[in-house]
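These notes are about the structure you will find just below.
Here is the naming used below: chain letters follow the sequence lines, and residue numbers restart at 1 for every chain.
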There are 2 protein chains.
Amino acid sequence: MLGTPSRNRIAERREGVRREILDAAWSQAREVGLANITLRDIAREVGMQPPSLYSHFDSKNAIYNAMYAEAWLAYESCSAAELDPLPEHPRVAIQRIARVFFDFAVADLARHQLMNQRTIPGFEPTADAYAPAVRVLEHGAALVRSLGITDPADFDIWVSLIGGLIDQQLANDPGGDRFSRLLERAIDMWADAAGVPKHSPAATRAARKN
Amino acid sequence: MLGTPSRNRIAERREGVRREILDAAWSQAREVGLANITLRDIAREVGMQPPSLYSHFDSKNAIYNAMYAEAWLAYESCSAAELDPLPEHPRVAIQRIARVFFDFAVADLARHQLMNQRTIPGFEPTADAYAPAVRVLEHGAALVRSLGITDPADFDIWVSLIGGLIDQQLANDPGGDRFSRLLERAIDMWADAAGVPKHSPAATRAARKN
DNA sequence: GTCTATACTGTGATAGAC
DNA sequence: GTCTATCACAGTATAGAC
């Protein structure tokens with residue numbers, strides 16, 4: 001058995017190559033745009049011949065697919081870190097969730113295009129890759145419900161509002177904060193309409209006693 | 001001079017060919033997706049050889065450019081028709097503008113992608129083609145100002161809200177009305193926050209007398 | 001001026017030797 | 001698993017017939 005790498009070692013190495021390919025794909029995407037990456041450039045950055053990529057991914061779209069899953073998993077752990085503990089005050093909580101999502105999206109145009117827009121012509125994520133995305137959305141919906149928002153229409157409007165501001169920010173003021181500045185105000189507007197309490201839970205409890 | 005077509009005839013014919021090419025491009029875009037049209041398919045639909053397209057357009061992006069201008073011009077005349085006369089009641093007016101834009105966008109995915117998203121990799125409209133778009137936006141801003149909304153931030157939020165609902169409708173419920181149904185409610189929410197009068201101008205005038 | 005014929009470059013993808 | 005060789009197809013360019 002000496003000199004024969006174990007199954008684990010082989011799997012590790014293989015996983016390492018996949019990582020290198022994906023890292024190269026991300027760096028290319030940020031450099032030339034998500035839609036403009038080429039297998040040749042990725043291969044060159046990794047240090048192999050273009051067809052060799054096919055030993056690790058079935059197609060270019062399979063690379064996009066892995067990147068898609070990766071992006072949503074990254075957001076999932078980012079939000080887990082940033083939104084725990086969730087502020088007790090519903091207004092503050094809803095603002096915070098919106099802000100975390102907004103900033104994550106705006107921080108990386110290529111990633112946002114992949115996660116939230118259908119900007120790659122033939123690409124659609126597989127069910128596996130899509131799973132984290134629906135998990136995040138469902139988690140957000142549950143959080144909003146826990147704040148007393150029962151009408152699903154309110155959740156849909158909340159999502160649309162945040163997404164709309166993100167798109168405008170990236171399209172019409174990239175690198176700036178023209179729309180980012182408006183997020184709190186817009187969410188507050190929504191919270192007023194949806195009936196999110198303006199005061200803290202403690203104040204709500206105190207008021208209820210009267 | 002007999003048998004020699006006049007300058008006008010030639011220009012007309014030339015313009016006719018341009019129209020045929022653009023029509024073919026639109027029909028292809030709706031069939032296979034905006035980003036997936038090819039010069040070969042366009043040429044075949046028009047009945048000429050692919051390189052002949054270059055007698056009429058400098059490049060594929062020049063075709064996109066003409067389509068872009070055309071789409072915004074189409075919206076400009078659509079909105080002129082649908083929004084004249086603009087309802088006197090500010091709430092009704094703001095709802096109507098939003099609805100006209102929403103329906104125009106949702107009616108044609110390819111057109112919306114071209115007008116409002118940066119979905120074509122290398123394409124950016126020229127200043128000429130962009131002009132109708134800024135005209136429409138400025139016209140919308142002026143309309144909103146005329147309704148008493150003086151803070152530009154309110155206009156930005158209004159635009160983001162409509163755009164966000166359009167994107168969600170097209171991405172998550174194409175052909176349906178899940179988000180279309182929410183437009184009135186969302187705009188009303190915005191109008192409340194922006195201070196658009198709830199009652200008619202006549203009622204406002206009457207109230208002011210007290 | 002316009003169209004045809006042909007070719008060039010770059011793309012994703014495949015086959016088979018090692 | 002990686003390589004070399006090659007394919008099919010895209011957008012693009014140009015030379016030359018009409």
Side-chain angles (χ1 to χ4, degrees), chain A residues 3-22 24-25 28-29 31-68 114 119-124 126, chain B residues 1 3-22 24-25 28-29 31-68 114 119-124:
Chain A
T4 309
S6 70
R7 284 246 170 87
N8 273 349
R9 284 293 297 172
I10 292 176
E12 261 175 42
R13 177 75 201 115
R14 198 177 158 69
E15 193 47 45
V17 176
R18 262 182 78 99
R19 260 264 54 80
E20 283 183 60
I21 293 171
L22 289 176
Q28 285 291 321
E31 195 171 328
V32 303
L34 181 70
N36 294 63
I37 64 178
T38 70
L39 297 184
R40 280 166 173 79
D41 289 340
I42 294 173
R44 180 156 27 79
E45 192 168 322
V46 177
M48 46 171 150
Q49 295 298 321
S52 301
L53 293 174
Y54 284 84
S55 312
H56 301 274
F57 293 95
D58 286 342
S59 68
K60 189 183 185 183
N61 275 358
I63 297 182
Y64 280 130
N65 201 55
M67 294 168 79
Y68 180 91
L114 185 57
T119 178
I120 305 298
F123 169 65
E124 229 174 323
T126 61
Chain B
M1 282 309 217
T4 308
S6 69
R7 284 250 170 83
N8 273 350
R9 284 293 295 170
I10 292 175
E12 261 175 43
R13 177 74 200 113
R14 197 176 158 70
E15 193 48 43
V17 175
R18 263 183 76 99
R19 261 263 54 79
E20 282 183 61
I21 293 171
L22 288 176
Q28 285 290 322
E31 196 171 326
V32 302
L34 181 69
N36 295 62
I37 64 178
T38 71
L39 297 184
R40 282 168 170 79
D41 288 341
I42 294 173
R44 180 156 27 80
E45 192 169 323
V46 177
M48 47 174 159
Q49 297 298 321
S52 301
L53 294 174
Y54 283 84
S55 310
H56 303 272
F57 292 95
D58 285 343
S59 68
K60 190 183 184 183
N61 275 357
I63 297 180
Y64 280 130
N65 201 56
M67 294 167 80
Y68 180 90
L114 185 57
T119 178
I120 304 299
F123 169 66
E124 227 173 324

Notebook entry, point to check: Whole Å only: how far is the OH atom of B:Tyr64 from the P atom of D:dA10?
Noted result: 13 Å
Next item on the list: Among A:Asn36, A:Asp41, A:Leu34, A:Leu39, find the residue that satisfies the side chain to side chain contact (heavy atoms under 4.5 Å, CB included) test when tested with A:Gln28.
Entry: A:Asp41
Note to self: In the structure I gave you, are the side-chain heavy atoms of A:Ile21 and A:Met48 within less than 4.5 Å of one another anywhere?
What the structure shows: yes
Next item on the list: Enter the distance from B:Arg19:CZ to B:Glu15:CD here, rounded to the nearest 0.5 Å.
Entry: 7.5 Å
Item checked: Side chain of A:Thr38 (C-beta onward), nearest among D:dC3, C:dT4, C:dG12 -> C:dG12
Margin query: Please report the distance, rounded to the nearest Å, between CG in A:Asn36 and P in C:dG10.
Written below: 15 Å
Check: Could you state the interatomic distance from OH (B:Tyr64) to CD1 (B:Ile37), rounded to the nearest 0.5 Å?
Finding: 4.0 Å
Next item on the list: Round to a whole Å and report the spacing from CZ of B:Arg44 to P of C:dC3.
Entry: 18 Å
Check: Could you give the distance from CZ (A:Phe57) to CZ (A:Arg18), rounded to the nearest 0.5 Å?
Finding: 4.0 Å
Next item on the list: Find the distance A:Arg18:CZ to D:dT2:C1' and express it as a whole number of Å.
Entry: 18 Å
Margin query: What's the separation between atom CD in B:Glu20 and atom CD in B:Glu45, rounded to the nearest 0.5 Å?
Written below: 10.0 Å
Next item on the list: May I ask you to list the residues of residues 52-62 of chain B, by number, that have any heavy atom positioned under 4.0 Å from an atom of DNA chain C?
Entry: B:Ser52, B:Ser55, B:His56
Next item on the list: Let me know the distance between CG of A:Leu39 and P of C:dT11, rounded to the nearest Å.
Entry: 9 Å
Next item on the list: For A:Ile37, answer base if it contacts any base atom (sugar-phosphate contacts may also be present), sugar-phosphate if it contacts only those atoms, and nothing otherwise; contact means non-hydrogen atoms under 4.0 Å.
Entry: sugar-phosphate
Notebook entry, point to check: Looking at C:dG10, does its base get a donor-acceptor pair with the side chain of A:Arg40 below 3.5 Å?
Noted result: no
Item checked: Touch class at under 4.0 angstrom, heavy-atom based, for B:Pro50 against every strand present -> nothing
Next item on the list: Take the protein atom CD of A:Gln49 and the nucleotide atom C1' of C:dT11, then report the distance between them rounded to whole Å.
Entry: 16 Å
Notebook entry, point to check: Could you give the CE-to-C1' distance, from B:Met48 to C:dG1, as a whole number of Å?
Noted result: 13 Å
Notebook entry, point to check: Nearest-Å distance, CD (A:Gln28) to P (C:dG10)?
Noted result: 16 Å
Item checked: Atom pair OG1/CZ of B:Thr38 and B:Arg44 - distance to nearest 0.5 Å -> 7.0 Å
Item checked: Side-chain N,O (B:Arg13) to OP1/OP2 (C:dG1) below 4.0 Å -> no
